[in-house]
Amino acid sequence: MTVWDSFVVVDWSGGNDTGAKPRKDAIWAGAVLGGVEQEPVYLRNREVAYAWLCDLIRAERALGRRVMIGFDFPFGYPMGFAGALVGRADPLALWDWFAAHLTDSPDGNNRFELAGQINAMWPGVGPFWFNPTQADIAHLPRKGRERTRDHGLKDRRRVEAHAKGSLTCWQMGGAGAVGGQVMTGMAFLSRLRAAFRDELRVWPFQSLAKPVALVEVWPSLLAAEVAAQDDAIKDRAQVRLLARALSRLAGDDLGRMLSVDEPEEGWILGVGHEQALADALTGGLQPPRLKNDCFALPPGVDWTPVDEALSRLRANLRPIARIETVMCSDALGRVLAVDAKAQRANPPGANSAVDGYGFAQSATGSGDQLLPLIKERAAAGAAFEGEVPHGSAIRILTGALLPKGVDTVVLEEDTTSNGFEIAFEGPIKPGANTRKAGEDVEAAAVAVRAGTRLGPSQLALLAATGVREVATFTPLRVGVLSTGDEIVAPGSTPDPARTYDANRPMLLALLDDWRMEAVDLGHVGDDRAKLTALLDAAAQKVDVILTSGGASAGDEDHVSAALGEAGVRHDWRIALKPGRPLALGMWQSTPVFALPGNPVAALVCTLIFARPALALMGGESWSEPQGFMVAAAFSKTKKPGRREYMRARMTDGAVDVFHSEGSGRISGLAWAEGLVELGDGAQIIRPGDLVRYIPYESFRA
Ligand SMILES: Nc1nc2c(c(=O)[nH]1)N[C@H]1C(S)=C(S)[C@@H](COP(=O)(O)OP(=O)(O)OC[C@H]3O[C@@H](n4cnc5c(N)ncnc54)[C@H](O)[C@@H]3O)O[C@H]1N2
Ligand code: MOO
């Protein structure tokens, strides 16, 4: 008997996109993954459902799990239909036929036209009926009374005699009709089979020897239990309960349900075993399975993927810094607002790159060369104004302008001299050991581009090209506020119930390091009125506010609640570890990053979310931190559904991670020299596998 680790139940729909807001009569999926029940997921159309399922299958497979996926539409038609349509009694060939003939999109599909076209292949009216659309459709009768029996096909599959209340798959419209669901469903499953061909099998047409099984289910088998849930969205209750029941079935019960011989029409899993399914659900108050993982994000709609939150942030923010002209000597760390153009070329004139002897290359050749020396000398800052005669050489020092008549220099070490002549071995290439005027930067060319943060090397270039003052953006003013009754100044009390404020010095230092104007907004306890008053005042005096603590949903988590209440919380609960309580909002038009209290999460969220946002607002462009793919020196099994950042450092050419992932372990932050970023999906990392390492340096704004 094959055993499955995970169960997914999909309530199907043959209709069009049902919109962003979860609603009934749409596609819903329930899942119990590795024993952990997930919140049902609303899937607004078949494209979204396809992507969601593919991700789920890949993630489960990456964890080595076997997955059973149930769909609530018939996997086959009544006996004889497949043979007539595709030439053999093979329901899977029928799936492929529908995949090839159905044009399906979130806005519509041709299921009614297709039903008519199929009907036309049969004598009389053909098996499909009920046209609910405005338009007449060739060969598709409006209502059942126009049907004839000439097609000779049975009205129902054998299993449907046991499924009270099920409708025939020939009925294309009207309340509860499944005709369109079957067509769109078969086409969908054909595509899924093609995507996972080697891993996926279909019950009861194939042996379930592979890790992914597709089965036909019917939530009405648990009708009473679903009704008792009293969920306004019945589909949601159905998928939740059926996935739960399947996951809790004893192995032999599931085995009995699966032993069915119906190779053409298919069968509904669990028909005739309703009691066993219902029993699997009961048993008094069932505690949730222990997962002890506060990062186990249900794959529901509430969790915003990191990239989505980042792109929203990027789209909503604008540069706000003012332009101010400053002397270059005061410009370290400023962001250039306007391209800085070279006031003169670097180097300004052709000169010698070495100490040696200059001459006209055309006067020399190969083999031993002997040139008379003129008695003058050319030095840096003391040019020789005259002309060196053709065939003569002049003593020249590094940086000296090339005198007239000189285009090439031989290195001192390659010559011998008696004070009147020099000897060296030719040939010397034309232009050897010289630097052309403007070879580095031409006069009037852009020396440093707008948007660049000026560091020592940019200041060197500006100086060399004669730029003395630059138009820069004023530094962003960023306020830092700590929250929570337990937070006190470091060393102020020995009380173990109190926590020394580590986030404020960390964030203030980070901003200082980023050359922003860090504004210490102090600390506020768990007092909503004081907090909002403080935010009001801060919004007037700073450009951005970073708060830490009180971001999640606990009794005293006031920051995200205050943002939420004011209706200005744009993103909350982001699928990342650490830092998922991060909330992003606007307080009186001032962006607020409500960072989680745990210092590791606070730093990670600042680096990942605040850094690019602050850069953009301060006049730089939005940029991804530079990461490097390097070999891992660690092992890890990463769960799907969230991005993870681990404290990391390079040792012996490979990247290692801190021994604990605890979000309050500040020692790990200090130990680390960067972060390892693991993508949103599941991943199994073994030593030697390549992972993305982002040094802390890459996060410098
Ligand atoms: N039942 C659950 N509890 C928690 C969950 C969860 O999913 N279910 N998530 C955990 C995660 S993850 C985080 S992060 C925190 C939520 O953080 P909050 O933003 O609400 O932060 P607080 O509860 O205020 O503080 C958390 C922690 O950090 C300490 N802290 C706060 N500020 C500072 C500071 N300035 N310097 C040093 N340490 C600070 C605070 O004392 C707490 O120990 O919730 C988890 N709980
Ligand atoms: O997001 Mo909380 O990430 O541990 O610290």
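For ligands, and for the atoms within them, numbers begin at 1 and follow the listed sequence.
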Q: Determine the minimum heavy-atom distance between Val655 and Phe634, stating which atoms define it.
A: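 Of all heavy-atom pairs spanning Val655 and Phe634, the closest is O-CD2, 3.4 Å.
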Q: Using the rule salt bridge (charged side-chain N to carboxylate O under 4.0 Å, His left out), only one of Lys577, Arg643, Lys638 pairs with Asp680; which is it?
A: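 In the set Lys577, Arg643, Lys638, the residue that makes a salt bridge (charged side-chain N to carboxylate O under 4.0 Å, His left out) with Asp680 is Arg643.
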Q: At a 4.0 Å threshold, what atoms of ligand 1 neighbour a non-hydrogen atom of Asp501?
A: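 Selected atoms, number and element: 34 (C), 35 (N), 36 (N).
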Q: Backbone or side chain, does any N or O of Asn598 fall under 3.5 Å from an N or O of ligand 1?
A: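 Yes; the residue has a nitrogen or oxygen that sits under 3.5 Å from a nitrogen or oxygen of the ligand.
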Q: Does at least one non-hydrogen atom of Gly484 fall below 4.0 angstrom from an atom of ligand 1?
A: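 So Gly484 does not count as touching ligand 1.
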Q: Please answer whether the main-chain N or O of Trp671 pairs with a side-chain N or O of Arg647 as donor and acceptor at a distance below 3.5 Å.
A: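 Looks like no, no N/O pair under 3.5 Å.
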Q: Strictly under 4.0 Å, does any heavy atom of Ala502 approach an atom of ligand 1?
A: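 Ala502: in contact with ligand 1 (<4.0 Å).
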Q: When you measure from the side chain of Ser698 to the backbone of Gly627, do you find a donor-acceptor pair of N or O atoms at a distance under 3.5 Å?
A: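 No; zero donor-acceptor contacts below 3.5 Å.
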Q: What atoms of ligand 1 come closer than 4.0 angstrom to any heavy atom of Ile487?
A: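 Under 4.0 Å from Ile487, ligand 1 has these atoms: 30 (N), 31 (C), 32 (N), 33 (C), 34 (C), 39 (C).
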Q: Does Asn503 approach ligand 1 within less than 4.0 angstrom via side chain, backbone, both or neither, non-hydrogen atoms only?
A: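 Answer for Asn503: both.
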Q: Before signing off on this row, confirm whether Gly550 and ligand 1 have an N or O atom pair separated by under 3.5 Å.
A: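 Yes, Gly550 has an N/O under 3.5 Å of an N/O on ligand 1.
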Q: Closest heavy-atom contact between Tyr696 and Ala672?
A: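 So the minimum-distance heavy-atom pair works out to CE1-O, 3.2 Å.
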Q: What heavy-atom pair brings Arg236 and Trp28 nearest, and what distance separates the two atoms?
A: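 Minimum heavy-atom separation between Arg236 and Trp28: CD-CZ3, 3.6 Å.
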Q: Would you kindly specify which portion of Ser482 sits under 4.0 Å from ligand 1, judged on non-hydrogen atoms: side chain, backbone, both or neither?
A: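 Contact part for Ser482 vs ligand 1: side chain (C-beta onward).
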Q: Can a non-hydrogen atom of Ser663 be found less than 4.0 Å from any atom of ligand 1?
A: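 In this structure, Ser663 fails to qualify as a contact of ligand 1 - no heavy atom is under 4.0 Å.
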Q: Thinking salt bridges, do Lys24 and Asp235 make one under a 4.0 Å N-O criterion?
A: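 So Lys24 does not pair with Asp235 through a salt bridge.
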Q: Using a 4.0 Å cutoff against the non-hydrogen atoms of Tyr500, which atoms of ligand 1 qualify?
A: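 Contacts of ligand 1 toward Tyr500, numbered from 1: 36 (N), 37 (C).
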Q: From atom 11 (C) of ligand 1, work out which of Pro490, Pro581, Gly549 has a heavy atom at the shortest distance.
A: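 Looking at heavy atoms only, Pro581 sits closest to atom 11 (C) of ligand 1.
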Q: Using modelled atom types only, decide if a donor and an acceptor are shared between the side chain of Asp526 and the backbone of Asp485 within a distance under 3.5 Å.
A: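 Present.
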Q: Any donor-acceptor pair under 3.5 Å linking the side chain of Arg611 with the backbone of Ser623?
A: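 Checking the backbone N and O of Ser623 against the side chain of Arg611, a donor-acceptor pair under 3.5 Å is found.
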Q: Could Glu225 and Arg244 be called an ion pair, given the rule that one side-chain N must be under 4.0 Å from one carboxylate O?
A: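 No, this pair does not count.
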Q: Atom 39 (C) of ligand 1: which of Ala601, Ala551, Ala602, Gly597 has the nearest heavy atom?
A: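 It is Gly597 that holds the nearest heavy atom.
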Q: Should you measure from each heavy atom of Arg580, which atoms of ligand 1 turn up under 4.0 Å away?
A: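 Once the distances to Arg580 are compared, the set is 6 (C), 7 (O).
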Q: With a cut-off of 4.0 Å, which atoms of ligand 1 are near a heavy atom of Thr499?
A: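 So the answer, numbered in order with elements, is 37 (C), 38 (N), 41 (O).
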Q: Looking only at non-hydrogen atoms, which of Met506, His523, Glu486 approaches atom 40 (C) of ligand 1 most closely?
A: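 Answer by nearest heavy atom: Glu486.
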